[in-house]
Amino acid sequence: MDNHYQHRANELLAHMSLSDKLDLLSGPGMDLTNYSGNPAINLDAELAVEGVAGYINGVNNEAVNIPAIKLADGPAGLRIAPTREGTDATFYATSWPIGSLLASSWDTQLVEEVGKAAGDEVKRYGVDFLLAPGMNIQRNPLAGRNFEYYSEDPIVSGEMAVAMVKGIQSNGVGATIKHFVANNAETNRFFSDSQVSPRALREIYLRGFQIAVTEAQPWAVMTSYNKLNGAYTGHRHDLLTEVLRGEWGFKGFVMSDWFASNVSGLATDFSHYATEPDHQSAALQIKAGNDLIEPGGLKADLQASFDCGELSEADIDRSVVAILMQIQKTPSFKQLTYHNDPDLNAHGKLARQAAAESMVLLKNTDQALPYSAGATLASFGTVQINTLKGGTGSGEVNSQQVITIAQGLEDTFQLNQSVMQYYQEYWQENQYEKQALLGKYPFADEPPVADNTVLQRLIRDAAQHDHAAVITIGRQAGEGEDRTATRGDYLLSAHELALIEAVSEAFHQVNKTVTVILNVNGVVDTYEWQDKVDGILMAYMGGQQTGYAVADLLSGKVTPSGKLAQTIPMAYQDVPSAPTFPGEKDKQNPTMTQVDYHEDILVGYRYYSTKKKPVAYPFGFGLSYTDFQYDDVAITHNSLNSKEGRAELTLSATITNTGKMAGKDVVQLYVAAPQTPLGAPAYELKAFTKTAQLSAGERCTVTMSVTQQRLASFNPERNVWVLVAGDYHVYVAPSSDLSEVTALTVHIEHDIVVEHTTKGALT
Ligand code: BGC
């Protein structure tokens, strides 16, 4: 098939003028609302999709007629305008759980289903590429876009991206993995230089991308805004051509992130960047293998670079062919008709299931949960009304509705109406538009409890009459800004803490329980207050069905089976990257921020476990309403010492549901590699699987395999991935806390070079 596309691409190329070619390389420019006035775009007005993020220009000459190709965000679902002038029709899309939540399912089948459904909406709304998934590593819990990303671990990120890309692309539309690479903070994001060692790049920051490329072949990759070790990622030939294409065999095309190469063209919010000359150059991007410039408008720049000999026709042709090869597969190119008719109901159900099977039960003292359906609950907190379905910025989705936590609970339980009325009125009177970099969102600070006799009385009465209390705490975050380790952000605000304190005191006095629901974009501190409550549900942002999913879990309709794909530390200061996040002003060039990835490969649990630092909730951890027992852990196949074929290690284990409720478990495989002079983390996740739903007493056998590549570490001096000789301890465990898990040992006789890499790349 690739040959066919290659052949056809060359044919098309032969009939294109230089001007046509340059149209293809640089999108139509910055007017994101009305492209039909631009002749280069070749877009039939009826086929325009309002609200897409950008286009690839079409080509229209005597011999070639390629329509414009439509690109739309994003990681939590298709972002297009929900309404259009001149029609009553609506164009709502499903708002899926955010990436961090989906990853907490540890269920690649489920994520592939979500990808399939999200891609179906892309196709049915006439769009060609989804600008998703986002798969950067969650290096630091304060990174503003963590919610779009999957995990602090590259294997989880990579496997999730594989599932998502396969799901999306099964519809005949393209996926775009982003942001390539080391884009782990939002502060000064156009002018930030990530300084990362080649080993940390290979083992942590690139590895997920490598897995996604080799196992799912996304049609496109989006480069990041930042520099990597002194050069913009979009300018790095070693990254885009030698590593991505040469080493990994990537067959798609590479696009820039929006405005990476014309920052000065940005809207007023970014005007302070306009004076900075040091931004990405379109010609250098093309030369490096960054084929498409978005949103574009740089044809004249490319022409000038060609005229002065900076850019050759061969450079241009290479990128044109890369783009042509992929766009031949798109619905627009094939002129497929579409009817704007996704099955939003069916997708809503899947969104609810995905959210419920991903949210993580962190705490459940004395089986406080589940609450029986029909129980009377007093539900506190403004975010139960202002429920956060997802983060802000390009990852937002225009869904028809959001089921709030209040609505979800109301549907299943009996809610204390006086408390509900209090919060509804409070919300009406106190909500305001909180300013984020890319837009505003509605918010209200929690009402104070001290001196608030109304709220105090409501709490007292509720403790007398209701079965239990639920408190919702919320945090929004989004593109363009990082979070802070302050009160009201990473730390709970004084009012939130006071609410938890007052409700817990009143309910505990009468032996009733309190559950906190965290409707958050990412990690918040739990250490300060977790002892005061009985239950904690890490709900993240569950998309449009958040409220139902929360109720499904609180009522036991669904047994929790999500586990953390990121660590919750004891304190922000414990985070290994805390000292250098989000970077420091470069002394020589103050517009530039330097981010020193000084913790190297010790990101997330790799650091806490190696340094034996206690954490609040470990990576991979999540409670269930039932119990699981692991038996018969055994190696069923081991060809790791062989140099031929698919050398791998396979383990199996029996998982028994020893509790009283049906449930699923996430089974994880960690490996402690032998120590070498280069050093190794205490242990690392290498594989995982999720069981089917097991009824009480039921058991199943799970198997997990690891290839030599997965086990190998990167040796930057030799430019090789190597499986070093020695003993490997293998753990099959329910979380990354291995303190009570017995290992099996596998011996590797000699060093085995698993992969050769480009000499000196990425430094
Ligand atoms: C974001 C990308 C997004 C693009 C188009 C950029 O600001 O970084 O993730 O796909 O905008 O909306």
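Whatever order the structure lists them in is the order used to number ligands and atoms, beginning at 1.
Protein residues with a heavy atom closer than 4.0 Å to ligand 1 are A53, D73, R79, L131, R145, K178, H179, R189, M222, Y225, D257, W258, S394, E479, listed by chain and number.
Remark: the backbone N or O of T484 is paired with a side-chain donor or acceptor of D489 at under 3.5 angstrom. No donor-acceptor distance shorter than 3.5 angstrom exists from the side chain of S358 to the backbone of G562, with no hydrogens or angles considered.
For the pair K434 and Y441, the cation-pi criterion (under 6.0 Å, within 45° of the ring axis) is not fulfilled.
For the 3.5 Å distance criterion, the side chains of Q138 and N146 fail to qualify, holding no donor opposite an acceptor. N184 and Y597 form a side-chain donor-acceptor contact under 3.5 Å, judged by distance and modelled atom types alone.
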Please set out all donor-acceptor pairs under 3.5 angstrom arising from side-chain atoms of residues 77-86, sequence neighbours excluded.
| from | atom 1 | to | atom 2 | distance (Å) |
| --- | --- | --- | --- | --- |
| R79 | NE | S394 | O | 3.2 |
| R79 | NH2 | D73 | OD2 | 2.9 |

